[in-house]
Amino acid sequence: MRLLDVLLGRTRPVAPDLDRLFALPSAAVTLEAATGLVPAGSGAVCFATVEGAAFERIRQEVRALLDADSDRTGPPVEPYRDAYGYSWLVSRRSPGQLPQLVADLHAVNSSLESAGFGPQLLCSLVSFTDGADRRVALVYLYKRGTFYPFAPLPGAAERRDTALELQLRSILDGDLPVEPDLGRWFPVWGAPGL
């Protein structure tokens, strides 16, 4: 089958590697040094909307798992549905707790994946800010195993700062596996925390 794939020009999909999320804290140091952007303290996992008792049970298990963390203040995971019909599980931490936030996102993704909801997982994101109006998200594409920056323009209705996104790509290229296909840099309008 591999020879046939080569002859026909097909590529095999990259297997998701959730451990790549753990590269975010070191990438955040690079991001802060180069641009002044710091973690905003929020992250989220996006998935195609799932209904039913099985999904509700796994959501409660994830909540119980993350609620066991004694350092956390507030709810561990908040459900959110955006205007486009996608579901999000949002985690909030203090801005200085990026490693713990990444661990939360990893736990949510792993729990959903192990419960059979892997095909519904779309992306995870972590928000960054410059302390003023500028907000940026580093988005992990679950099915591609890569990251890309998403920078909505402040005060603009669904417009992005593509120049900043391209600048961030070059800054983060050594720290994160950046998605090479710009066509896959999907806007995440309405994402919680942005």
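Just the heavy atoms: all of them, side chains too, but no hydrogens, waters or symmetry mates, feed the values below. These figures come from a predicted structure and were not determined experimentally.
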Exercise for review: Apply side chain to side chain contact (heavy atoms under 4.5 Å, CB included) to Asp175 and Leu31, showing your working.
Suggested key: CA-CA 10 Å; Asp175 291 305; Leu31 194 61; over 6 Å; no

Exercise for review: Would you please test Trp185 and Glu179 for side chain to side chain contact (heavy atoms under 4.5 Å, CB included) and show each step?
Suggested key: CA-CA 8 Å; Trp185 289 24; Glu179 174 58 44; 3.6 Å; yes

Point to revise | Working for side chain to side chain contact (heavy atoms under 4.5 Å, CB included), residues Leu141 and Phe147 | key: CA-CA 6 Å; Leu141 291 172; Phe147 291 85; over 6 Å; no

Practice item. Apply side chain to side chain contact (heavy atoms under 4.5 Å, CB included) to Asp19 and His106, showing your working. Key: CA-CA 8 Å; Asp19 289 344; His106 189 277; 3.0 Å; yes

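Put simply, the side chain of Leu101 does not reach to within 4.5 Å of the side chain of Arg92, judged on heavy atoms. Taking 4.5 Å as the limit, some side-chain heavy atom of Leu182 sits within range of a side-chain heavy atom of Leu166. Within the 4.5 Å cutoff, the side chain of Phe22 has no heavy atoms near those of the Arg20 side chain. No side-chain heavy atom of Arg135 sits less than 4.5 Å from a side-chain heavy atom of Pro154. At a threshold of 4.5 Å between non-hydrogen side-chain atoms, the residues Phe47 and Leu89 count as touching. Residues Pro149 and Val139 form no side-chain contact, since every pair of their non-hydrogen atoms from C-beta on lies 4.5 Å or further apart. Contact of the Leu21 side chain with the Tyr140 side chain is registered, since non-hydrogen atoms from C-beta on lie closer than 4.5 Å. Using a 4.5 Å heavy-atom cutoff, the side chains of Leu112 and Gln120 are not in contact.
The distance from the OG1 atom of Thr30 to the CG atom of Leu37 is 12.5 Å, given to the nearest 0.5 Å. Glu78 contributes atom CD, which lies 11.0 Å from atom OH of Tyr80 (distance to the nearest 0.5 angstrom). Here the CG-CD distance, from Asp161 to Gln167, works out to 8.5 Å after rounding to the nearest 0.5 Å.
More than 12 heavy-atom neighbours from other residues, nucleotides or ligands sit within 6.0 angstrom of CZ on Phe117.
By the rule that hydrophobic residues join a cluster once side-chain heavy atoms approach within less than 4.5 Å of another member, Leu18 and Leu105 end up as members of one cluster. Follow the hydrophobic side-chain contacts under 4.5 Å out from Tyr84 and you reach Leu194 in the same cluster.
The minimum heavy-atom distance between Pro39 and Phe128, with the atom names listed, is N-CD2, 3.5 Å. Taking all atoms of both residues into account, the shortest heavy-atom contact from Ser91 to Asp104 is OG-OD2, 2.8 Å. Residues Arg134 and Thr35 come closest through the heavy atom pair NH2-O, 3.3 Å. Heavy atoms only, all atoms of each residue included: Pro177 and Gly145 are closest at CG-O, 3.8 Å. In plain terms, the two heavy atoms of Ala48 and Tyr86 that are nearest each other are CA-CD2, 4.3 Å. Here the shortest heavy-atom pairing between Ser26 and Ala23 reads OG-O, 3.1 Å.
Between Phe150 and Trp189, the ring centre distance stays below 6.0 Å.
For Thr129, there are no side chain to side chain donor-acceptor pair (under 3.5 Å) partners at least two apart in sequence or on another chain. Remark: Glu165 engages Arg160 in a salt bridge (charged side-chain N to carboxylate O under 4.0 Å, His left out) (not counting sequence neighbours).
Looking at Asp173, its side chain never comes within 3.5 Å of a backbone N or O of Arg169 through a donor-acceptor pair. Here the side chain of Lys143 pairs no donor or acceptor atom with the backbone of Cys123 at under 3.5 angstrom.
In summary, the side chains of Ser124 and Asn109 do present a donor paired with an acceptor at a separation below 3.5 Å, with no hydrogens or angles considered.
Results of the side chain to side chain contact (heavy atoms under 4.5 Å, CB included) test with Leu138 over Leu125, Leu172, Val178 single out Leu172 as the only residue that passes.
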